[in-house]
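Here's the structure, in structure tokens; my notes come after.
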Amino acid sequence: MSIYSGIWPVAPTPFNEDGSLDLHGMKRVLDCLIDQGADGICILANFSEQFLISDAEREELARLSVEHVAGRVPVIVTISHYATQIAVQRAQFAKDLGADVVMMMPPYHGALLKGTPEQSFEQFAAVGEVGIDIMVQDAPLSGVELSVPLLVKMAKEIEAVKLFKIECPRAANKIRSLIEHGGDAIEAPFDGEEGITLLADLDAGATGSMTSGMIVDQIKPVIVKHLAGEIKSATDCYERIAMAINHENRQCGWQACKVAMVEGGVIKSDFCRHPIPQLHSKIKSRLIDLLKPLDPVVLRWGR
């Protein structure tokens with residue numbers, strides 16, 4: 001099995017109430033994720049609010065995160081950018097810091113600037129020359145279709161392309177087809193979207209999941225048991241947490257993890273920068289009510 005398996009959550013980016021970065025809180029976030037049993041950690045992703053962070057802040061957060069994790073688990077640094085030159089520069093920066101993997105979406109900028117299949121391949125190939133493993137993020141946010149033949153071509157012709165985060169509609173079908181056509185070149189097919197389709201994706205051959213950092217310790221047993229062939233036990237574990245995952249995915253998005261981390265004393269604030277609206281108090285309270293019976297690490301980590 002690939003070394004890339006298990007649960008690799010996205011670390012949220014904590015802000016102070018004035019909108020400045022909470023760097024001390026960032027260290028606590030990373031420690032909390034490791035204590036939850038994360039097999040790896042991804043930073044600067046969409047669930048890290050990368051679209052609300054300046055370039056200087058990206059570099060500061062990347063340096064802090066890699067240095068603070070200090071090899072306890074592998075770190076993935078998200079480097080997506082429309083410009084190939086900048087994606088390459090970000091990949092080189094991550095490699096120089098000591099990151100283990102970079103994650104990137106295909107080139108896009110807004111609704112109308114989207115890379116063609118050829119341009120997407122060229123960008124991933126250029127980043128591959130940096131010499132750090134790449135996770136391909138196949139997410140609806142980019143609006144770029146990454147077909148199975150294109151992903152297989154990347155896997156077979158770009159040495160660095162080893163990991164795939166598939167979170168498009170009907171992800172299980174795509175994961176199954178990707179494995180079927182890519183064979184051994186598909187080293188680490190992951191799912192995403194908070195694990196809302198996790199069971200079907202594991203059935204299809206996913207080796208891991210990139211969820212939020214909210215209930216890593218609760219989701220991990222689902223993956224471990226399923227990979228061990230204990231399908232009934234994995235299903236039972238998932239059934240227990242399904243309502244919380246549904247609420248996170250459908251009502252909260254990345255803000256759920258921050259709400260839970262405030263409740264558990266991990267960070268001080270669940271603030272998100274404008275124009276992101278704050279979650280309604282009823283949505284927050286429903287989330288906590290769903291989490292409390294699960295007794296997750298996040299709700300007691302900082303207490």
Side-chain angles (χ1 to χ4, degrees), residues 1-6 8-11 30 38-46 48 50 53 55-108 115-139 142 144 146 148-166 178-179 181-190 192 207-208 210:
M1 180 179 294
S2 170
I3 61 171
Y4 299 125
S5 65
W8 296 55
V10 172
L30 296 167
D39 295 297
I41 295 174
C42 180
I43 62 170
L44 302 179
N46 296 328
S48 311
Q50 65 158 329
I53 299 170
D55 288 348
E57 289 172 332
R58 290 180 65 93
E59 293 190 3
E60 185 174 22
L61 288 165
R63 183 176 290 106
L64 177 152
S65 297
V66 173
E67 291 179 354
H68 187 70
V69 171
R72 286 178 286 171
V73 296
V75 174
I76 298 178
V77 178
T78 308
I79 62 164
S80 303
H81 199 281
Y82 185 62
T84 296
Q85 180 176 337
I86 295 175
V88 169
Q89 291 170 351
R90 288 180 172 183
Q92 187 65 58
F93 179 74
K95 181 183 178 183
D96 292 344
L97 282 180
D100 300 273
V101 182
V102 294
M103 181 171 77
M104 53 189 290
M105 287 185 284
Y108 79 99
T116 64
E118 293 79 11
Q119 291 166 338
S120 296
F121 180 89
E122 290 165 358
Q123 184 173 102
F124 279 89
V127 171
E129 292 297 316
V130 173
I132 184 171
D133 288 353
I134 298 172
M135 171 177 269
V136 181
Q137 183 177 9
D138 182 12
S142 73
V144 178
L146 293 173
V148 168
L150 176 59
L151 293 175
V152 169
K153 177 179 170 67
M154 287 181 180
K156 291 186 174 180
E157 298 183 20
I158 305 172
E159 173 62 27
V161 172
K162 300 179 183 296
L163 304 93
F164 300 83
K165 183 185 181 187
I166 307 298
L178 185 62
I179 294 169
H181 292 93
D184 292 340
I186 311 302
E187 294 190 28
F190 276 44
T207 62
M210 184 174 286

Separation of [Y] [atom2] from [X] [atom1] (nearest 0.5 Å):
| X | Y | atom1 | atom2 | result |
| --- | --- | --- | --- | --- |
| I53 | R58 | CD1 | CZ | 7.0 Å |
| I41 | M210 | CD1 | CE | 10.5 Å |
| E159 | E129 | CD | CD | 11.0 Å |
| L64 | E57 | CG | CD | 12.5 Å |
| Q137 | M103 | CD | CE | 4.0 Å |
| C42 | D100 | SG | CG | 11.5 Å |

Got a donor-acceptor contact below 3.5 angstrom from the [X] side chain to the [Y] backbone?
| X | Y | result |
| --- | --- | --- |
| S80 | M105 | yes |
| T207 | S5 | no |
| R90 | T78 | no |

Are [X] and [Y] packed together at the side-chain level, in the sense that at least one heavy-atom pair is separated by less than 4.5 angstrom?
| X | Y | result |
| --- | --- | --- |
| I134 | V127 | yes |
| S120 | V144 | yes |
| F190 | I166 | no |
| V136 | M154 | yes |
| S65 | L30 | yes |
| I186 | F164 | yes |
| V101 | Y4 | yes |
| Q85 | V88 | no |

Item to check | K153 NZ/CZ over F121 ring centroid, <6.0 Å and within 45° of normal | outcome: yes

Heavy-atom pair with the smallest gap, counting every atom of [X] and [Y]:
| X | Y | value |
| --- | --- | --- |
| A94 | V102 | CB-CG1, 3.8 Å |
| G182 | K156 | O-CE, 3.9 Å |
| V66 | G98 | CG1-C, 4.0 Å |
| A87 | H81 | N-CB, 4.2 Å |
| W8 | I76 | CE3-CD1, 3.7 Å |
| D39 | P74 | O-CD, 3.2 Å |

Item to check | Derivation of the side chain to side chain contact (heavy atoms under 4.5 Å, CB included) call for Q92 and Q89 | outcome: CA-CA 5 Å; Q92 187 65 58; Q89 291 170 351; 5.7 Å; no

Item to check | Short N-O contact, R63 and D96, less than 4.0 angstrom | outcome: no

Item to check | Flag if over 12 foreign heavy atoms under 6.0 Å of CD, Q119 | outcome: yes

Checklist entry - Hey, mind stepping through D55 and E59 against side chain to side chain contact (heavy atoms under 4.5 Å, CB included) and telling me if it holds? => result CA-CA 6 Å; D55 288 348; E59 293 190 3; 5.9 Å; no

Checklist outcome for this item: Only one of L150, L146, D138 passes side-chain contact (heavy atoms from CB on, under 4.5 Å) with P106, and that residue is L146

